[in-house]
**Q** 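Submitted below is the structure of interest, expressed as structure tokens.
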Amino acid sequence: MNTTSPVTKPTLTYFNLIGRAEVARLMLEDAGADYHFVPVANWAEWSSDKARLTAAGKLAFGQVPLYEEPDGFTLVQSNAIARHVARKLGFNGADAHEEALIDQANEGVVDIIAVMAEPIFRTPAARQTEAKQKLVRETLPAHLAMFEKLLEKNGNRGFLVGAKLSYADLHLWVSLELVFARVEGSRDALLGAFPAVKKLVEVVSERERIKAYTTRDVYTTTTTNV
């Protein structure tokens with residue numbers, strides 16, 4: 001990865017997988033933004049790149065994703081990047097109240113990620129089937145029931161807040177797609193129980209530019225991480 005070339009367009013640096021940079025990347029794709037994605041190919045490469053980026057003062061907390069703009073502005077931490085991109089590209093609601101409600105919904109998605117990381121990524125293989133079943137049968141339904149109410153309150157339009165796509169919608173979509181990819185039968189089980197959540201998933205999945213992006217050969221949920 002070349003970390004010394006001047007930034008001539010918004011640039012997002014992250015590992016070459018679906019993970020913490022994905023919400024920002026989906027917004028850039030959906031908006032048709034001219035941006036550059038810099039993939040970190042592997043951990044061996046990351047060691048040297050991290051040293052160069054840190055020396056350049058670009059990694060405030062020593063980690064990616066890293067978002068850069070041509071004027072020299074740099075930002076790390078996935079949710080900070082997502083909120084910044086959302087403000088720039090119009091994925092943060094129609095007014096201050098909607099923006100606050102979108103931020104609130106996004107924090108709810110953060111809670112979902114916290115509870116699903118353990119059974120999917122950290123549970124020993126011998127106990128993983130049981131842990132995943134509990135996630136889909138008990139843990140996630142308790143969280144999705146709250147999102148179902150938010151979606152219904154908003155008129156069941158496929159958006160958590162307001163009348164257009166927000167970064168919180170994308171964050172929920174990415175999180176659920178991760179579960180669907182890692183837990184067999186989870187898509188039907190969860191979406192069958194929560195029709196408003198199902199509609200959000202369908203609305204996001206069918207957006208023209210997002211659909212084009214997610215059907216590229218390089219996009220695969222088998223490499224998804226959080």
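Values reported hereafter were calculated over all heavy atoms of this structure, with side chains retained and with hydrogens, waters and symmetry mates removed.
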**Q** Let's go through I113 and H171 carefully: what are the C-alpha distance in whole Å and the side-chain angles of both, what is the deciding distance for side-chain contact (heavy atoms from CB on, under 4.5 Å) to 0.1 Å, and is it a yes or a no?
**A** CA-CA 10 Å; I113 291 173; H171 202 179; 3.1 Å; yes
**Q** Same cluster or not: L176 versus V115, using hydrophobic residues (I, L, V, M, F, W, Y) connected whenever any side-chain heavy atoms lie under 4.5 Å apart?
**A** no
**Q** Is the side chain of R83 donor-acceptor paired with the backbone N or O of N92 at a distance under 3.5 Å, no angle test?
**A** no
**Q** In Å and rounded to the nearest 0.5 Å, what is the CG to CG distance from N106 to D111?
**A** 10.0 Å
**Q** I would like to know whether V40 and K50 meet side-chain contact (heavy atoms from CB on, under 4.5 Å); could you show each step before the answer?
**A** CA-CA 10 Å; V40 179; K50 178 179 178 179; over 6 Å; no
**Q** I'd like to know if the side chain of T11 reaches the main chain of K9, judged simply by a donor and an acceptor atom lying under 3.5 Å from each other, with no hydrogens or angles considered.
**A** yes
**Q** For N154 and F159, indicate whether the former's side chain and the latter's backbone hold a donor-acceptor pair under 3.5 Å.
**A**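 Yes.
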**Q** Evaluate side-chain contact (heavy atoms from CB on, under 4.5 Å) for T13 paired with E68, printing each intermediate quantity in order.
**A** CA-CA 8 Å; T13 300; E68 303 175 78; 4.2 Å; yes
**Q** Under 3.5 Å, is there a donor-acceptor pair between the side chain of E98 and the main chain of A94?
**A** yes
**Q** Under 6.0 Å from the CD atom of E202, do we count more than 12 heavy atoms belonging to anything else shown?
**A** yes
**Q** For a quick test of reading the model, state the closest non-hydrogen atom pair linking R20 to Y14 and the distance between them.
**A**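 Heavy atoms only, the tightest pair is N-OH, 3.2 Å.
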**Q** How about NZ on K132, more than 12 heavy atoms from neighbouring residues, nucleotides or ligands closer than 6.0 Å, or not?
**A**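 Yes, NZ of K132 has more than 12 neighbouring heavy atoms, counting only those of other groups under 6.0 Å.
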**Q** Write down the atom of G108, the atom of F147, and the distance for their closest heavy-atom approach.
**A**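 The pair with the smallest heavy-atom distance is C-CZ, 3.5 Å.
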**Q** Give a yes or no on this: more than 12 heavy atoms of other residues, nucleotides or ligands lie within 6.0 Å of atom CZ of R157.
**A**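 Enclosed: over 12 neighbouring heavy atoms sit under 6.0 Å from CZ of R157.
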**Q** With respect to E99, which candidate in I102, D103, L101 satisfies the side chain to side chain contact (heavy atoms under 4.5 Å, CB included) definition?
**A**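 Exactly one option meets the side chain to side chain contact (heavy atoms under 4.5 Å, CB included) with E99, and it is D103.
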**Q** Heavy atoms only: give me the nearest S205-W173 pair and the separation to one decimal.
**A**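 Scanning both residues completely, I find the closest heavy atoms to be OG-NE1, 2.9 Å.
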**Q** Tell me whether the guanidinium CZ or amine NZ of R25 lies under 6.0 angstrom from the six-membered ring centre of F37 and within 45° of its axis.
**A**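 The answer is yes; both the distance and angle limits are met.
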**Q** Can you measure from CG (L66) to CD1 (I81) and round to the nearest 0.5 angstrom?
**A**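 Atom-to-atom, L66:CG and I81:CD1 are 6.5 Å apart.
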**Q** Could you measure the distance from the CG atom of L170 to the OG atom of S175? Nearest 0.5 Å is fine.
**A** 10.5 Å
**Q** CG/D169 to CG/L200 distance, rounded to the nearest 0.5 angstrom?
**A** 5.0 Å
**Q** Among V179, V201, V136, which one satisfies side chain to side chain contact (heavy atoms under 4.5 Å, CB included) with R187?
**A**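 Only one of V179, V201, V136 forms a side chain to side chain contact (heavy atoms under 4.5 Å, CB included) with R187, namely V201.
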**Q** Do V110 and F61 belong to the same hydrophobic cluster, where Ile, Leu, Val, Met, Phe, Trp and Tyr are linked whenever their side-chain heavy atoms lie under 4.5 Å apart, directly or via other members?
**A**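 Cluster IDs for V110 and F61 differ.
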**Q** Can any side-chain N or O of K58 pair as donor or acceptor with the backbone N or O of T74 at less than 3.5 Å?
**A**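 A pair under 3.5 Å: no.
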**Q** Hey, is the main chain of V197 close enough, under 3.5 Å, to the side chain of E148 for a donor-acceptor pair?
**A** yes
**Q** So, taking the atom named CD in E177 and the one named CG in L172, what distance separates them when rounded to the nearest 0.5 Å?
**A** 10.0 Å
**Q** Please assess K199 against L151 for the test side-chain contact (heavy atoms from CB on, under 4.5 Å), listing each intermediate value before the final yes or no.
**A** CA-CA 9 Å; K199 183 170 183 178; L151 289 160; over 6 Å; no
**Q** Please name the pair of heavy atoms, one in P141 and one in F194, separated by the smallest distance, quoted to 0.1 Å.
**A** O-CZ, 3.4 Å
**Q** Quick one: pull up CD in E69 and NZ in K88 and give me the separation to the nearest 0.5 Å.
**A** 4.0 Å
**Q** Can you give me the closest heavy-atom contact between P10 and P70, atom names plus distance?
**A** N-CD, 4.0 Å
**Q** Ignoring hydrogens, what is the shortest heavy-atom contact between A168 and V109? Give both atom names and the distance.
**A** O-CG2, 4.1 Å
**Q** Report yes if the side chains of V85 and F91 come closer than 4.5 Å at any heavy-atom pair, otherwise no.
**A** no
**Q** Tell me whether E152 at atom CD has more than 12 heavy atoms from other residues, nucleotides or ligands lying less than 6.0 Å away.
**A** yes
**Q** Are I112 and M146 connected in the hydrophobic side-chain network, where two residues link if heavy atoms are under 4.5 Å apart?
**A** no
